Amino acid sequence: MRRIILLMTVAAVVVVGTLFAGSVAGAHKHPTAMTQKHPTRTVLIQGFRFKPAHITIKRGTKVRWINKDTAPHTVTANNPRRFDSGRLSKGQRYTHIFKRAGKKPYHCKIHPHMRASVVVKHWR
Ligand SMILES: [Cu+2]
């Protein structure tokens with residue numbers, strides 16, 4: 001009888017220990033950060049407009065522009081040291097990863113009336 005109680009106690013300790021270890025391991029995982037290193041947002045350049053013209057993203061997001069027009073366009077930050085795609089022909093794309101928070105207005109150098117912005121927020 002004593003032996004059975006001892007065995008059950010050992011079994012209970014093992015089960016509880018396993019559950020505890022499992023929950024501790026789970027707590028270390030960051031559910032969203034682990035799945036994708038750089039989430040991606042797409043902006044189309046179509047009909048001489050950026051679509052959507054204004055986006056808000058989290059820091060570390062990769063933005064991808066795709067020129068759908070037959071006319072060439074550029075994706076040029078108003079402060080050109082930040083990012084500049086150069087001339088994009090039809091079907092060409094340009095990507096930029098935004099690492100710093102803030103508002104980043106940009107335009108097309110060839111058609112300066114084409115204006116848009118990316119707002120980069122801190123994590124959450
Ligand atoms: Cu343009």
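Being a predicted model, the structure only gives us computed values, none of them experimental. Just follow the structure's listing: the first ligand is 1, and inside any ligand the first atom is 1. Starting from 1, each residue takes its place in the sequence as its number.
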- [ ] Identify, with sequence neighbours excluded, every residue that meets side-chain contact (heavy atoms from CB on, under 4.5 Å) alongside Ile97.
- [x]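 Ile97 satisfies side-chain contact (heavy atoms from CB on, under 4.5 Å) with His38, Lys62, Lys99 only.
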
TODO: Check whether Ile66 and Val63 end up in the same hydrophobic cluster, where Ile, Leu, Val, Met, Phe, Trp and Tyr are linked by side-chain heavy atoms less than 4.5 Å apart.
DONE: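 Different clusters: Ile66 never reaches Val63 through Ile, Leu, Val, Met, Phe, Trp or Tyr contacts under 4.5 Å.
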
Open item on the list: Under 3.5 Å, is there a donor on one side chain and an acceptor on the other for Thr42 and Arg64?
Closed with: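 Per modelled atom types, Thr42 and Arg64 side chains form a pair under 3.5 Å.
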
Open item on the list: Quick one: does any side-chain atom of His107 pair with a main-chain N or O of Thr76 as donor and acceptor, under 3.5 Å?
Closed with: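 Such a contact is found between His107 side chain and Thr76 backbone.
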
Task: Residues in side-chain hydrogen bond (donor to acceptor under 3.5 Å, both in side chains) contact with Lys109, at least two apart in sequence or another chain - done: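 Result, side-chain hydrogen bond (donor to acceptor under 3.5 Å, both in side chains) vs Lys109: Asp84.
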
Open item on the list: I'd like to check the side-chain hydrogen bond (donor to acceptor under 3.5 Å, both in side chains) partners of Thr56; sequence neighbours left out, ordered by chain and number.
Closed with: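 side-chain hydrogen bond (donor to acceptor under 3.5 Å, both in side chains) check on Thr56 returns nothing, list empty.
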
Task: Total protein N, O or S atoms, the Cu ion (ligand 1), separation less than 2.8 Å - done: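 Considering protein N, O and S only, the Cu ion (ligand 1) has 3 within range.
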
